[in-house]
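Note sheet for the following structure.
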Amino acid sequence: MFWGSKRLARELPKLIPSYDAIRLDGAAYRLSVGEEVYVSPTGQPGDLRNKAKTQLTPGMGFTVPPGQFGFILTEEEIEVPAEALALISIRASYKFAGLVNVSGFHVDPGFKGKLLFSVFNAGPNAVHLSRNEECFLIWYADLTEAGPAQTKIGYANIPSHLTGPLAAGIQSFAGLESKISETEKKLTDRVTTLEREQAVLKWGFGLAAGVLLTLGLKQCGIDRPPEPANSAIVANVSQSATNTTGAGQNSLTNAN
Ligand SMILES: Nc1ccn([C@H]2C[C@H](O)[C@@H](COP(=O)(O)OP(=O)(O)OP(=O)(O)O)O2)c(=O)n1
């Protein structure tokens with residue numbers, strides 16, 4: 001049988017040292033974001049791949065971008081008696097934003113310590129959270145004919161062996177979009193540079209060809225001998241000029 005609010009109010013002060021009656025929510029108790037979180041890298045520029053866990057001061061915020069995975073350690077230490085079982089979940093308002101609880105839904109009999117939620121943002125936008133935000137719920141239920149429970153101690157910190165595999169980044173749509181834009185920009189820059197180089201080369205070749213052509217034409221003009229037909233005309237003209245001069249001189253002599 002699940003514990004109702006009266007049973008929770010009676011039992012929880014012994015099981016949750018930081019118990020506060022205001023956190024009772026129907027037949028559940030609200031748990032909050034603790035001091036240590038880790039969010040997987042997006043692969044976008046400025047978001048380091050080997051990012052470290054974040055230590056949150058009271059009220060400090062952090063975001064889980066769309067398509068990213070996060071580990072959140074709860075603020076509260078909880079205990080589950082040997083003859084009980086607890087169920088855990090994310091509050092609906094956070095689920096509506098896309099935050100999904102990946103890490104399981106039960107806490108074993110005999111468990112003691114902080115809970116470690118692994119969450120995934122399946123929504124289209126970043127989910128903003130902050131320390132002490134009451135995001136999670138826990139329900140308690142009695143077990144019938146429970147055997148002896150094994151004591152299980154929760155994590156005091158987010159272990160590195162859990163965050164390590166996420167450091168390479170998760171291929172989210174946002175990350176892929178950023179990579180595509182980055183590649184597109186690089187390609188555009190490269191094409192612009194090539195076009196500029198090609199234009200300079202074109203001008204260079206054009207200029208060189210013009211200079212060569214001019215020099216070639218000049219050279220042809222200097223070296224070319226006068227054509228034969230032209231030489232005959234020149235010779236005739238000079239001959240007739242000589243004849244005319246001679247005739248004139250003769251008539252002048254005769255007159256004298
Ligand atoms: N979000 C969660 C879910 C569970 N737990 C704790 C409470 C559970 O009692 C304990 C073990 O959970 P499971 O039995 O589901 O996990 P494993 O079988 O992998 O661990 P173990 O081998 O310790 O049983 O982990 C937790 O800290 N945070």
Side-chain angles (χ1 to χ4, degrees), residues 1-3 7-8 11-20 23-40 53-56 62-65 67-123 127-167 170:
M1 191 69 83
F2 278 94
W3 297 5
R7 173 96 187 263
L8 287 172
E11 302 273 2
L12 288 192
K14 291 175 268 170
L15 301 173
I16 303 178
S18 60
Y19 173 80
D20 185 347
R23 300 270 196 96
L24 285 173
D25 187 347
Y29 184 80
R30 288 182 189 172
L31 298 174
S32 64
V33 174
E35 67 176 350
E36 198 167 86
V37 296
Y38 177 82
V39 179
S40 60
K53 294 179 277 186
T54 307
Q55 304 297 325
L56 302 172
F62 68 101
T63 54
V64 185
Q68 295 306 313
F69 196 81
F71 284 113
I72 304 172
L73 207 59
T74 59
E75 184 78 49
E76 300 77 16
E77 289 193 9
I78 65 131
E79 199 177 326
V80 179
E83 65 289 349
L85 178 83
L87 298 177
I88 49 177
S89 180
I90 296 180
R91 287 174 63 197
S93 45
Y94 296 94
K95 286 183 194 157
F96 295 149
L99 209 60
V100 179
N101 173 22
V102 184
S103 56
F105 301 92
H106 82 281
V107 189
D108 289 312
F111 178 88
K112 199 175 173 172
K114 294 184 175 194
L115 294 168
L116 180 60
F117 279 88
S118 63
V119 297
F120 179 72
N121 183 358
V127 174
H128 294 258
L129 299 171
S130 55
R131 173 132 181 229
N132 304 121
E133 200 165 326
E134 296 165 15
C135 304
F136 311 111
L137 292 171
I138 186 164
W139 293 264
Y140 280 82
D142 281 324
L143 292 176
T144 54
E145 300 184 41
Q150 218 187 343
T151 304
K152 283 188 178 176
I153 304 295
Y155 293 114
N157 297 95
I158 301 170
S160 308
H161 72 264
L162 293 182
T163 58
L166 301 178
I170 292 176

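Both counts, for ligands and for their atoms, begin at 1 and track the order of listing. The basis for the numbers below is simple: all heavy atoms, side chains too, and nothing from hydrogens, waters or symmetry mates.
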Quiz item: Name the one of Glu134, Glu133, Glu76 that satisfies side-chain hydrogen bond (donor to acceptor under 3.5 Å, both in side chains) with Ser32?
Solution: Glu76
Quiz item: Under a strict 4.0 Å criterion on non-hydrogen atoms, which protein residues are in contact with ligand 1?
Solution: Ile88, Ser103, His106, Val107, Asp108, Phe111, Leu115, Leu116, Phe117, Lys152
Exercise. Please determine which of Val127, Val39, Thr54 meets the side-chain contact (heavy atoms from CB on, under 4.5 Å) test together with Phe62.
Key: Val39
Quiz item: Taking only residues two or more places apart in sequence, or in another chain, which ones meet Asp25 in a side-chain hydrogen bond (donor to acceptor under 3.5 Å, both in side chains)?
Solution: Arg30
Exercise. Not counting sequence neighbours, which residues clear side-chain hydrogen bond (donor to acceptor under 3.5 Å, both in side chains) with Ser89? List them please.
Key: Lys95
Exercise. With sequence neighbours left out, write down each residue that passes side-chain contact (heavy atoms from CB on, under 4.5 Å) with Leu24, or none if nothing qualifies.
Key: Leu8, Ala9, Leu12, Tyr19, Tyr29
Quiz item: In terms of the angle between their ring planes, are Phe69 and Phe120 parallel, tilted or perpendicular, with boundaries placed at 30° and 60°?
Solution: tilted
